[in-house]
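Beneath this line is the structure, given in structure tokens, with notes to follow.
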Amino acid sequence: MKKLDLVLINPASRPQVYQGLGQKLTAVENPVWAGLMATFCRRKGLSVEIIDAEAEELGHATVAERVKSLNPVLAAVVAYGHQPSASTQIMTASGAVCSSIKELTPDQPVMLLGGHVAALPERSLREEEADFVAVGEGLHTLVGLVEAMKSPVPELGNVPGLMYWDRGQVRQNPGKPLVTDLDGEMPNIAWDLLPMAKYRAHNWHCLDGRDRQPYAALYTTLGCPYHCSFCCIQAPFKAGEEAAGIKSTVNTYRAWGPDAVLAQIDTLVTKYGVRNIKIADEMFVLKPRHVLGICDRIIERGYDLNIWAYTRVDTIKEGMLPKLKAAGFNWLAIGIEAGDGRVRADVDKGFDQEEVFRVVGEIRDSGINVIANYIFGLPEDDLDTMRATLDMAIKLNCEFANFYSAMAYPGSPLYSLAVQQNLPLPREWTGYSQHSHDCLPLPTRYIPAREVLRFRDEAFRTYYTAPGYLEMVGRKFGSATVEHLQKMTMVRLERDLLTGKLQVPPTLLPKEDGSAGASSATELLTLSRR
């Protein structure tokens with residue numbers, strides 16, 4: 001029997017990352033990148049299996065045993081999550097899987113790859129028990145490494161984008177340009193390798209009472225042309241952009257054709273009975289030809305879909321919203337981020353307040369629900385501006401809202417700033433999760449991380465218990481949905497930073513006059529009123 005070439009592993013991390021929210025409320029999402037990598041490698045002639053430990057709820061030791069039984073040429077742990085920032089928060093689990101594999105089968109070659117790894121490749125190689133890491137998105141690296149290892153004398157120096165140990169020294173090979181023919185080289189996710197019956201949508205995705213299973217997530221584009229300072233979306237693509245001679249200030253944006261996208265949706269609907277779909281693109285609603293081409297094809301088929309996707313306030317063009325609704329886009333996630341124009345502009349969100357209200361109103365008037373995303377603790381935030389953000393959220397009264405704390409995700413400009421300013425960063429990678437017990441957000445120029453996190457958690461409870469919100473939800477979705485949301489707000493997150501279990505120095509970015517920022521609650525209240 002021919003030896004299996006490659007096993008791709010999606011590690012289990014939900015309890016550590018989401019605490020009690022992970023049991024029933026969060027999505028269980030198919031590993032989009034692992035599925036794409038499997039297809040790319042298959043089309044290059046490799047045999048591939050996927051172990052989705054998250055969906056199958058497999059412990060790290062069980063994953064190691066399964067890898068041992070499969071005995072692949074290469075085991076690759078893929079550190080990607082529900083969104084680009086989630087790559088860092090699952091690194092604790094990713095490293096533990098590598099360790100478990102090496103403990104059980106020391107001779108098993110292990111690679112680590114993903115967005116976080118691409119942002120910090122050498123650190124990942126030095127800290128984790130992996131033999132190799134990929135410095136970019138990893139497609140060419142996977143194929144090249146497996147082919148090299150199958151030869152009698154592996155030539156690791158020829159594997160593109162590979163970082164590895166060579167006689168006690170870290171070596172890094174030049175990368176290859178990004179894959180541009182997505183339709184031809186990576187046309188779909190390898191759905192047949194995934195436990196499709198185990199995936200479920202987010203609770204809010206089905207507030208109208210639909211069953212949350214089956215569910216699937218897919219990309220129609222890769223990358224984002226914008227440069228928000230808190231975002232790390234481009235981290236896995238920078239090595240390939242550099243190899244192609246693209247300026248570091250330019251973000252690539254690649255797309256599958258509408259026909260390729262619909263071929264995937266056809267498979268999901270007809271073979272797996274999927275109706276709940278997430279378009280995982282960091283920025284889906286952007287180019288009208290792409291968006292409308294996909295919508296028109298869905299409408300032609302008459303599918304009854306429940307889709308959600310990301311947009312920006314300033315990317316929705318005339319004629320898009322009716323088509324999106326007709327195609328089954330029942331939710332649009334929109335990055336509002338902050339209720340203060342100065343705070344938004346500082347992170348490349350330069351739209352004005354009136355435009356936010358106008359666009360959100362137009363989306364809802366078209367029959368599409370809005371999930372609004374807000375961030376507390378951006379660099380220019382103080383208590384007044386964070387309150388303005390919460391006030392804006394309550395006034396907009398969207399069907400759902402995500403409240404985040406600003407994080408210095410590796411690969412983002414905020415991470416570079418935090419390192420430069422020697423700001424306290426999480427001790428464990430799980431500390432980059434918005435919902436973990438050891439969550440540690442950034443301080444702002446005016447307030448410490450503890451107060452940012454406290455405000456965020458209270459804002460969540462304030463929003464979801466507001467009478468106006470519950471009345472709107474009850475009118476729109478029914479009393480059962482109101483009861484569900486009330487139970488959701490009863491899930492309390494344990495926060496080490498707020499209970500004193502996690503101690504961090506009270507350091508802040510210096511103010512413009514060179515003096516130190518506030519370091520106590522008393523100073524905070526005074527400072528925020530100046």
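D314 and Y226 share no donor-acceptor pair across their side chains, judged by distance under 3.5 Å alone. Side chains of E129 and S99: a donor on one and an acceptor on the other come within 3.5 Å. No side-chain N or O of W331 forms a donor-acceptor pair with one of E399 less than 3.5 Å apart. Side-chain atoms of H290 and T221 include no donor-acceptor pair closer than 3.5 Å. Between the side chains of N330 and K325, at least one donor-acceptor pair of N or O atoms lies under 3.5 Å.
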Please assess T389 against I375 for the test side chain to side chain contact (heavy atoms under 4.5 Å, CB included), listing each intermediate value before the final yes or no. CA-CA 8 Å; T389 297; I375 302 176; over 6 Å; no

How far apart are the C-alpha atoms of L218 and V32, what are their side-chain angles, what is the distance that settles it, and do they pass the side chain to side chain contact (heavy atoms under 4.5 Å, CB included) test? CA-CA 6 Å; L218 71 152; V32 178; 5.6 Å; no

Could you walk me through whether D192 and R42 pass the salt bridge (charged side-chain N to carboxylate O under 4.0 Å, His left out) test, one step at a time? CA-CA 12 Å; D192 60 303; R42 277 171 151 183; 2.8 Å; yes

Checking side chain to side chain contact (heavy atoms under 4.5 Å, CB included) for the pair L390/F460: CA distance, chi angles, key distance, verdict? CA-CA 9 Å; L390 178 57; F460 177 87; over 6 Å; no

Between Y432 and L425, does a side chain to side chain contact (heavy atoms under 4.5 Å, CB included) hold up when you go through it step by step? CA-CA 9 Å; Y432 285 89; L425 295 173; 3.8 Å; yes

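With a 4.5 Å cut-off on side-chain heavy atoms, L396 and Y374 count as touching. Between R275 and V269, some side-chain heavy-atom pair lies under the 4.5 Å cut-off. Looking only at side-chain heavy atoms (C-beta outward), L305 and F329 stay at 4.5 Å or farther from each other. The shortest side-chain heavy-atom distance between V359 and I316 falls under the 4.5 Å cut-off. Residues Y463 and Y469 have side chains in contact (heavy-atom distance under 4.5 Å, counting atoms from C-beta outward). Between M91 and E128, the closest side-chain pair of non-hydrogen atoms falls below 4.5 Å. At least one side-chain heavy atom of I189 sits under 4.5 Å from a side-chain heavy atom of Q264. Side chains of V291 and C295 form a contact here, defined as non-hydrogen atoms less than 4.5 Å apart.
T141 places no side-chain N or O within 3.5 Å of a backbone atom of A134 that could act as its donor or acceptor partner. Using modelled atom types, no side-chain atom of T489 and backbone atom of Y464 make a donor-acceptor pair closer than 3.5 Å. With hydrogens and angles disregarded, no donor-acceptor distance shorter than 3.5 Å links the side chain of R200 to the backbone of R212. Judged by distance alone, with hydrogens and angles left aside, the side-chain atoms of T267 form a donor-acceptor pair with the main-chain N or O of A263 at under 3.5 Å. Side chain of D208 to main chain of F477: no donor-acceptor pair is present (N/O by atom type, distance under 3.5 Å, no hydrogens or angles). Judged by distance alone, the side chain of S100 and the main-chain N or O of A96 form a donor-acceptor pair under 3.5 Å. Although no hydrogens or angles enter the test, the distance criterion places a donor-acceptor pair under 3.5 Å between the side chain of T270 and the main chain of D266. S433 places no side-chain N or O within donor-acceptor distance of the main-chain N or O of Q89, the cut-off being under 3.5 Å. Listed for the D211 side chain is no donor-acceptor partner under 3.5 Å among the backbone atoms of Q213. Remark: side-chain polar atoms of T315 are paired, donor with acceptor, to backbone N or O of V285 under 3.5 angstrom.
Ion pairing between a basic and an acidic side chain is recognised when a charged N comes within 4.0 Å of a carboxylate O; K44 and E185 show such pairing. Ion pairing between E29 and K278 holds under the 4.0 Å rule for side-chain N and carboxylate O. Using a cut-off of 4.0 Å between Lys/Arg side-chain N and Asp/Glu carboxylate O, E355 and R312 are scored as not salt-bridged.
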Side-chain atoms of residues 234-241: list all donor-acceptor pairs with protein atoms under 3.5 Å, sequence neighbours left out, distances to 0.1 Å.
unit_1: Q234; atom_1: OE1; unit_2: C224; atom_2: N; d: 2.7
unit_1: Q234; atom_1: NE2; unit_2: E241; atom_2: OE2; d: 2.9
unit_1: K238; atom_1: NZ; unit_2: E241; atom_2: OE1; d: 2.9
unit_1: K238; atom_1: NZ; unit_2: S248; atom_2: O; d: 3.2
unit_1: K238; atom_1: NZ; unit_2: V250; atom_2: O; d: 3.0
unit_1: K238; atom_1: NZ; unit_2: N251; atom_2: OD1; d: 3.1
unit_1: E241; atom_1: OE2; unit_2: T252; atom_2: N; d: 3.0
unit_1: E241; atom_1: OE2; unit_2: T252; atom_2: OG1; d: 2.6

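The nearest pair of heavy atoms linking V28 to A55 is CG1-CA, 3.9 Å. Residue P72 comes nearest to V67 through the heavy atom pair CD-O, 3.4 Å, listed as atom of the first residue, atom of the second, then distance. Closest approach of A93 and A12 over heavy atoms only: CB-O, 3.4 Å. Closest approach of L321 to L332, counting heavy atoms only: CD2-CD1, 4.0 Å. Closest non-hydrogen pair, D438 versus S436, comes out as OD1-OG, 3.0 Å. The nearest pair of heavy atoms linking P225 to L286 is CG-CD2, 3.8 Å.
Between H116 and W429, the gap from one ring centroid to the other is short of 6.0 Å.
Counting heavy atoms of neighbouring residues, nucleotides and ligands inside a 6.0 Å radius, atom NZ of K487 does not exceed 12 of them.
Between atom CG of residue N30 and atom CD of residue E54 there is a gap of 12.0 Å, rounded to the nearest 0.5 Å. The distance from atom OH of Y272 to atom OH of Y199, rounded to the nearest 0.5 Å, is 10.0 Å. Here NE2 of H435 is found 8.5 Å from CG of D457. Values are rounded to the nearest 0.5 Å. In this structure, the separation between CZ on R301 and CG on D296 is 11.0 Å, given to the nearest 0.5 Å. Separation of atoms OH (Y409) and OG (S87) is listed at 11.5 Å; rounding is to 0.5 Å. Summarising the geometry, atom NZ belonging to K317 is positioned 11.0 Å from atom CG belonging to L292; distances are rounded to the nearest 0.5 Å.
When the side-chain hydrogen bond (donor to acceptor under 3.5 Å, both in side chains) test is applied to N276, the partners found at least two apart in sequence or on another chain are N306. Remark: Y310 engages W308 in a ring pair (Phe, Tyr, Trp, His ring centres under 6.0 Å) (not counting sequence neighbours). A search for ring pair (Phe, Tyr, Trp, His ring centres under 6.0 Å) contacts involving F40 returns H140, not counting sequence neighbours. For A130, the side-chain contact (heavy atoms from CB on, under 4.5 Å) test picks out C98, V110, L112, with sequence neighbours left out. Residues meeting the side-chain hydrogen bond (donor to acceptor under 3.5 Å, both in side chains) test with R43, sequence neighbours left out: none.
With respect to R66, the side chain to side chain contact (heavy atoms under 4.5 Å, CB included) criterion is satisfied by exactly one of I9, V7, I51: I51.
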